[in-house]
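Have a look at the structure below before the remarks.
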Amino acid sequence: MTNQSANTGLETRQQLFERLLSREPFKGLKAIFDILSPDRQALFEGVNVTNSYEELLARLGYRLTLTHQIHVKDAFTRVGSAGSIKAVLPYYDIPTQSSLPTLVNTDSTITTTPKSASFFNAMLATLKTQLGAQH
């Protein structure tokens, strides 16, 4: 059996999703997605059926918790067996000169600041718009 999508030369929606996500503006969102879901199909479907960053996280099995401030250096000391943090994602957005850290915790929660949650919610909306516009 041959792969028809390869024969037509057309990009699938999943391929478009991966291509858009690999672009510079979505670098921070991609880093979060890479940690949260190794199942790219489930991630793609989640992006398509949810309306917000928090909804997407919930669909992937995570609960969003907000905190006023995250001390990234301190968070790194609590990664792995030293604490309850699975991953520290210290994203810095150059255009807005904003520090937007995200912590992925071992208890299936995501800890971030309200500013960071808002930023990634807007980034997800932009990604969804671009997905819709190109297909």
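Note: hydrogens, waters and symmetry copies are ignored here, and every other heavy atom, side chains too, is used.
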Taking the side chain as every heavy atom from C-beta outward, state whether V104 and I85 have any pair of such atoms under 4.5 Å apart.
-> no
Mind checking side chain to side chain donor-acceptor pair (under 3.5 Å) for S116 and listing every partner two or more places apart, or none if nothing turns up?
-> T112
Contact check, side chains of R78 and V88, non-hydrogen atoms, under 4.5 Å | no
May I ask whether L60 and V47 are part of the same hydrophobic cluster, defined by side-chain heavy atoms of I, L, V, M, F, W, Y residues being less than 4.5 angstrom apart, directly or through others?
-> yes
With sequence neighbours excluded, give me every salt bridge (Lys or Arg N to Asp or Glu O under 4.0 Å) pair touching residues 44-57.
-> none
Mind checking side chain to side chain contact (heavy atoms under 4.5 Å, CB included) for T77 and listing every partner two or more places apart, or none if nothing turns up?
-> D74
Keeping to residues at least two apart or across chains, list the side-chain hydrogen bond (donor to acceptor under 3.5 Å, both in side chains) pairs with something in residues 82-98.
-> D93-T96, T96-S98, S98-K115
Determine which pairs satisfy ring pair (Phe, Tyr, Trp, His ring centres under 6.0 Å) with at least one residue from residues 54-88, sequence neighbours left out, and list them in order.
-> none
Please examine the side chains of L57 and L36, heavy atoms only from C-beta on, and report whether any two atoms are closer than 4.5 Å.
-> yes
Check whether any side-chain heavy atom of T65 sits under 4.5 Å from a side-chain heavy atom of I110, and report yes or no.
-> no
Is there side-chain contact between T111 and T102, with at least one heavy-atom pair below 4.5 Å?
-> no
Taking T50 for its side chain and G46 for its backbone only, find out whether a donor-acceptor pair lies under 3.5 Å.
-> yes
For the residue pair L131 and R13, what are the closest heavy atoms and their distance?
-> O-NH1, 3.5 Å
Are the side chain of T113 and the backbone N or O of T67 linked by a donor-acceptor pair below 3.5 Å?
-> no
Heavy-atom closest pair (R59 atom, V49 atom, distance to 0.1 Å) is NH1-CG2, 3.3 Å
Across all chains, not counting sequence neighbours, the side chain to side chain contact (heavy atoms under 4.5 Å, CB included) partners of R19 are E11, L16, R23, Q134
For residues 117-126, tabulate all N or O donor-acceptor pairs below 3.5 Å that involve a side-chain atom, not counting sequence neighbours.
from, atom 1, to, atom 2, distance (Å)
N121, OD1, Y53, N, 2.8
T126, OG1, A122, O, 3.1

Would you say L89 and L103 are hydrophobically clustered, going by side-chain heavy atoms of ILVMFWY under 4.5 Å?
-> no
Heavy-atom pair of closest approach, residues S108 and G61 = CB-O, 3.6 Å
Provide the full list of ring pair (Phe, Tyr, Trp, His ring centres under 6.0 Å) pairs with a residue in residues 18-52, sequence neighbours left out, each pair given once.
-> F17-F44
Restricting to pairs with a member in residues 25-40, which pass side-chain hydrogen bond (donor to acceptor under 3.5 Å, both in side chains), not counting sequence neighbours?
-> E18-R40, K30-D34, D34-R40
For the atom pair CG (L56) and CG (N48), what is the distance rounded to the nearest 0.5 Å?
-> 10.0 Å
Partners passing side chain to side chain contact (heavy atoms under 4.5 Å, CB included) against T129 (at least two apart in sequence or in another chain) = none
